[in-house]
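Quick notes on the structure that follows.
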Amino acid sequence: MGQWGGDAEFDECGICNGGNWSCLDCIDIPNGAAYYDNCNICVGGTTGLDACLQDCAGVWDGSAVE
């Protein structure tokens, strides 16, 4: 229930009196596109990093080649 004349505002996540925490990506940008990849590294968005890949043996960020 709202309070007339109160000081609560919507945060960047759209939550009244929130703190942006519910929509932060892994580099703390509200509604950002960065995420943790399968190697547990924060990638994407504005990080400039690409997600790790599986090698031919199915190991994430491995070095096996065919």
Side-chain angles (χ1 to χ4, degrees):
M1 167 107 14
Q3 177 181 354
W4 187 260
D7 60 357
E9 295 180 357
F10 285 101
D11 67 5
E12 293 185 53
C13 304
I15 298 174
C16 181
N17 212 27
N20 294 327
W21 60 268
S22 66
C23 66
L24 295 177
D25 66 5
C26 58
I27 54 174
D28 295 334
I29 295 178
N31 299 308
Y35 63 95
Y36 285 105
D37 67 4
N38 288 311
C39 297
N40 204 31
I41 298 171
C42 183
V43 299
T46 58
T47 65
L49 301 174
D50 294 322
C52 65
L53 302 173
Q54 282 183 314
D55 65 10
C56 65
V59 176
W60 289 102
D61 210 24
S63 59
V65 294
E66 289 188 59

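All values derive from a computational prediction rather than experimental measurement. The first residue in the sequence is number 1, and the count goes up from there. Below, all heavy atoms of this structure are taken into account, side chains as well, without hydrogens, waters or symmetry copies.
Interatomic distance, Cys52 SG to Asp37 CG, rounded to the nearest 0.5 Å: 4.0 Å. Note that the CD1 atom of Ile29 and the OG1 atom of Thr46 stand 3.5 Å from one another [nearest 0.5 Å]. For the atom pair SG of Cys26 and CG of Asn40, the computed distance is 9.5 Å after rounding to the nearest 0.5 Å.
Closest non-hydrogen pair, Gly44 versus Tyr35, comes out as CA-CE2, 4.3 Å. Residue Cys39 comes nearest to Trp60 through the heavy atom pair SG-CB, 3.7 Å, listed as atom of the first residue, atom of the second, then distance.
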Item to complete: In sequence, state the C-alpha distance, the side-chain angles, and the governing distance for Val43 and Asp50, and then conclude on side-chain contact (heavy atoms from CB on, under 4.5 Å).
Response: CA-CA 6 Å; Val43 299; Asp50 294 322; over 6 Å; no

Item to complete: Please test Asp61 against Leu53 for side-chain contact (heavy atoms from CB on, under 4.5 Å), starting from the C-alpha separation and ending with a verdict.
Response: CA-CA 5 Å; Asp61 210 24; Leu53 302 173; over 6 Å; no

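Side-chain atoms of Asp55 and Val65, non-hydrogen and from C-beta on, never get closer than 4.5 Å to each other.
Checking side-chain atoms of Asp25 against main-chain N and O of Asn31 turns up no donor-acceptor pair under 3.5 Å.
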